[in-house]
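Each residue takes its place number in the sequence, starting with 1. Computed from a predicted structure; not experimentally measured.
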Amino acid sequence: MLHTKSFVKKSRAGKITKVVREHYLRDDIYCGASDCKLCDSKDARLTASHASPILVIDTNVVLNQIDLLENPAIEDVVLLSIVLEEVKNKNLSIYNRLRALCNSSKKFFVFSNEHHKDTYVKQMEGETKNDRNDRAIRVAAQWYQTHLSGAARVLLITNDRENKRKAVEEGICAETKLTSLIFTFLSVESYVKSLGRPDLLDQLVHPSTEDVNMEEVEDLRPSKRKIIYSEHKPMSEITSGLHRGIYHQGKLRVNRYNPFEAYVGSESIGDEIIIYGRSNMNRAFDGDIVAVELLPKDQWHEEKSLAIAEEEDDEEEGVHLVPGSADDAPRTTSQCESETTLASSRPSGRVIGVIKRNWHSYCGSLEPMPLPAGSGGVAHALFVSKDRRVPKIRIQTRQLENLLDKRIIVAVDSWDCLSRYPSGHYVRTIGEIGDRDTETEVVLIENDINSRPFSSQVLACLPPLPWSVSPEDLSNPIRQDLRHLRVFSVDPPGCKDIDDTLHCTALPNGNFEVGVHIADVTNFVHPGTPLDDEASQRGTSVYLVERRIDMLPKPLTEDICSLRADVERLAFSVIWEMTPEADIISTRYTKSVIKSSAALSYIEAQARMDDSRLMDPLTTDLRNMNVLAKIMRQRRIERGALTLASAEVKFQIDTETHDPLDIGMYQIREANQMVEEFMLAANVSVAEKILKEFPLCSLLRRHPTPTREMLEPLLRTAAAVGLNLDVSSSKALADSLDSAGNDPYFNKLIRILATRCMTQAVYFCSGDLSPPEYLHYGLASPLYTHFTSPIRRYAG
């Protein structure tokens, strides 16, 4: 069946055209129920009956209750195509979770109601698009009940009272009694209660007090119903204020070490606006896009830390809690370590509205509290996130006794101006506090690291094993055969994902041919494939104490792309001719085929170079490269490259249990620095090449110069011990650090502090910035990119 819709459209040039859209309708789209006598049930996902009904859910249920829907207890769910489309338009993150749920669960069935002749509805005159979509959901639910002829109950799950009212008016919804042709209309909470699973009620999202009529809500403690935070301005007023320069927009960044202090970078005033205290943050979370109003200049100076003041407010409020109220969970003293804020002339402000929320799920635990009298009732508790930047979150739970010693995940639902803390709901339990696997998962979740196994769609993109270089690869004119070169790798002990190798050959003219050969990952990861999409989402491999979480599947990282010894592999090579003084005479770039002659660890490479008895060709190559690397390193330092420091440690791991047995400082050898130097050189050379070939769209990496304010903690600390650091340039700072005291341990501490004061290096497109902004401050290099490490870094 063909449904046609036509309308006229006026172009920018004023031309009137008639647009005709054809919408095809079918009668052979099956319902997905196994007990259906009319449809093909071989691929049925719905095994519903009168005891276990089919659920038709509306868009708001998906948007608000996605955590509940992901619980395995929720099954036999029909997702209408109109609902999927609405969710996609309103929240892409939830849409992706929903699609993943449909792909992984056999209990979720997508029904194309928009293309079925009996469920498609035409928008009526005067009917809004939203009302038309709600009607389409009601019609689809009624069709299911009629289509199944009473073989299964159909429940339309929604919290929309207006939707229910219209369903009753239309005569397609029964209030209490179910007939064979009328479906039942239930709220999410009513349906969950019917399952006899009180624990599932913890996962429900409850409306904010801003979203309900306060006259309908019993006020258990009227003395406490006071405005704690300022109302957010309407979006129309915010937009107008931004255009007039009254308000300033930016991302809120909460101080990791003092969660009562935040910053908003504002392009409109060209500076960062400091936000002191929770009241001025006005319910904004770290990462929210906010609108900020500057405070009067006489309020730009703070004599007492607002963090301390607000902490005292929390303690004072905790004394006056009324039992039985939503605030009756006892509070403990905040562990925030704050210092008195020094007087500052930097602009201060307050948040007057949140433009875009950055709420997500958080890991942590409940504040210790005595168990309430009796059992099975609803308890109110405060959740404390592992991330100190996140405020405490108030939740309701029916399983308090089981959660007090657990790491749990909580999601934020709302935060109205009447509540000191945001409200949220329990999502799931990770495990016991202190358990290694539990704490590891917390780290992964808090850093948004995907540790799930690769999907079958991703694995299907891999070439079959065993893999080897093909004759076509060798005959490819753009790929040079470099198997004759004495190529080797130098990596940490036990490294399996070897993505870079080196060679150094003495030339007859006294110069050296030096090459960096990087695994040609792009030969196997093609754009737009599930493998490419997965790698781009993961972004990088993650190394934990006892395991590695790969960006790419192991057949690629440890075999096909890994430049292991004595096997032929595909690579991308940067090859220089260098003088003995490490001056580059020429550079060439080529795809290649190599065969590594040795896979050395840093310890093995260093031992070879240090053993004067060894004079074999490989050891000679290592020594020649090390000499060149030392010259290159010294030149970088003279240009102003910073030699910073961080507390790098190594762990001794039990081979059976994978538990850490001992910890020690990681020793940096000349072999480490040699490899580092040539990787840096390769990245600089490739940056120069791609910028020349693609001046407007090269992917480069820059390290912005830190501001004086960012370096202030370093300067204050140095001044406290009588050191005067010059931070006018990277060269000046490097020289100051070199002369910072005679004690090597103290010097390292100063360098660690300097590292923490640096800006974060970022990727950028060359066409977005001017050449002076390309600078990599830490490396003192005008150009830089990430060509190396493509197995473990997507940008590579």
Counting only heavy atoms not in [X], do more than 12 fall under 6.0 Å of its [atom1]?
X    : atom1 : result
N89  : CG    : yes
N130 : CG    : yes
R639 : CZ    : yes
K251 : NZ    : no
N447 : CG    : yes

### Query
Is the Y784 ring parallel, tilted or perpendicular to the H786 ring (thresholds 30°, 60°)?
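Because their plane-to-plane angle is over 60°, the rings of Y784 and H786 count as perpendicular.
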### Task
Would you please classify the geometry between the W415 ring and the F285 ring as parallel, tilted or perpendicular, with 30° and 60° separating the classes?
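Perpendicular: the ring planes of F285 and W415 meet at over 60°.
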### Task
Examine R394 relative to Y421 and say whether NZ or CZ is less than 6.0 Å from the centre of the six-membered ring and inside a 45° cone about the ring axis.
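Cation-pi check for R394 and Y421: fails.
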Do you know which two heavy atoms are closest between [X] and [Y], and how far apart they sit?
X    : Y    : value
I273 : G349 : CG2-N, 3.6 Å
S361 : I409 : CB-CG2, 3.5 Å
I94  : N91  : N-OD1, 3.0 Å
I433 : S365 : CD1-CB, 3.9 Å

### Task
Applying salt bridge (Lys or Arg N to Asp or Glu O under 4.0 Å), run through D67 and R97 and close with a yes or a no.
CA-CA 10 Å; D67 291 323; R97 291 171 67 181; 2.8 Å; yes
Note, [X] side chain near [Y] side chain (heavy atom, < 4.5 Å):
X    : Y    : answer
V62  : T59  : no
E261 : V254 : no
R278 : F260 : yes
N724 : D726 : no
V427 : I408 : no
L63  : K90  : yes
H380 : T397 : no
R538 : Y794 : no

Check: [X] side chain, [Y] main-chain N or O, donor-acceptor pair, under 3.5 Å:
X    : Y    : value
R751 : T643 : yes
E439 : G434 : yes
R283 : S230 : yes
D743 : Y745 : yes
N280 : Y276 : yes
H776 : H703 : no
D288 : V354 : no
T785 : L699 : yes
S736 : A732 : yes
S419 : P422 : no

Does this structure show an ion pair linking [X] with [Y], if we count only N-O contacts that are shorter than 4.0 Å?
X    : Y    : result
R398 : D202 : yes
K392 : E367 : yes
R428 : E70  : no

### Task
Give the C-alpha distance, both sets of side-chain angles, the deciding distance and a yes or no for side chain to side chain contact (heavy atoms under 4.5 Å, CB included) between S423 and I395.
CA-CA 6 Å; S423 297; I395 69 167; over 6 Å; no
### Task
Using the side-chain contact (heavy atoms from CB on, under 4.5 Å) rule, pick out the option among S698, P782, S766 that qualifies with Y774.
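The side-chain contact (heavy atoms from CB on, under 4.5 Å) with Y774 is passed solely by S766 among S698, P782, S766.
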Rounded distance (nearest 0.5 Å) linking atom [atom1] of [X] with atom [atom2] of [Y]:
X    : Y    : atom1 : atom2 : answer
L715 : C757 : CG    : SG    : 8.0 Å
L642 : L733 : CG    : CG    : 5.0 Å
R756 : L711 : CZ    : CG    : 15.0 Å
D405 : T429 : CG    : OG1   : 9.5 Å
C363 : K386 : SG    : NZ    : 9.5 Å
L294 : H248 : CG    : NE2   : 4.0 Å

### Message
Determine whether L700 and L783 satisfy the following criterion, side chain to side chain contact (heavy atoms under 4.5 Å, CB included), listing intermediate values before the conclusion.
### Response
CA-CA 7 Å; L700 303 175; L783 281 178; 3.9 Å; yes
### Worked verdict on F746 versus L723 for side chain to side chain contact (heavy atoms under 4.5 Å, CB included)
CA-CA 12 Å; F746 174 77; L723 289 178; 3.5 Å; yes
### Query
Among side-chain atoms of T438 and E441, is any donor-acceptor pair under 3.5 angstrom?
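There is no such pair between these side chains.
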### Task
Take K748 and I752 through the side chain to side chain contact (heavy atoms under 4.5 Å, CB included) test and state the conclusion after the steps.
CA-CA 6 Å; K748 186 166 187 176; I752 290 174; 4.2 Å; yes
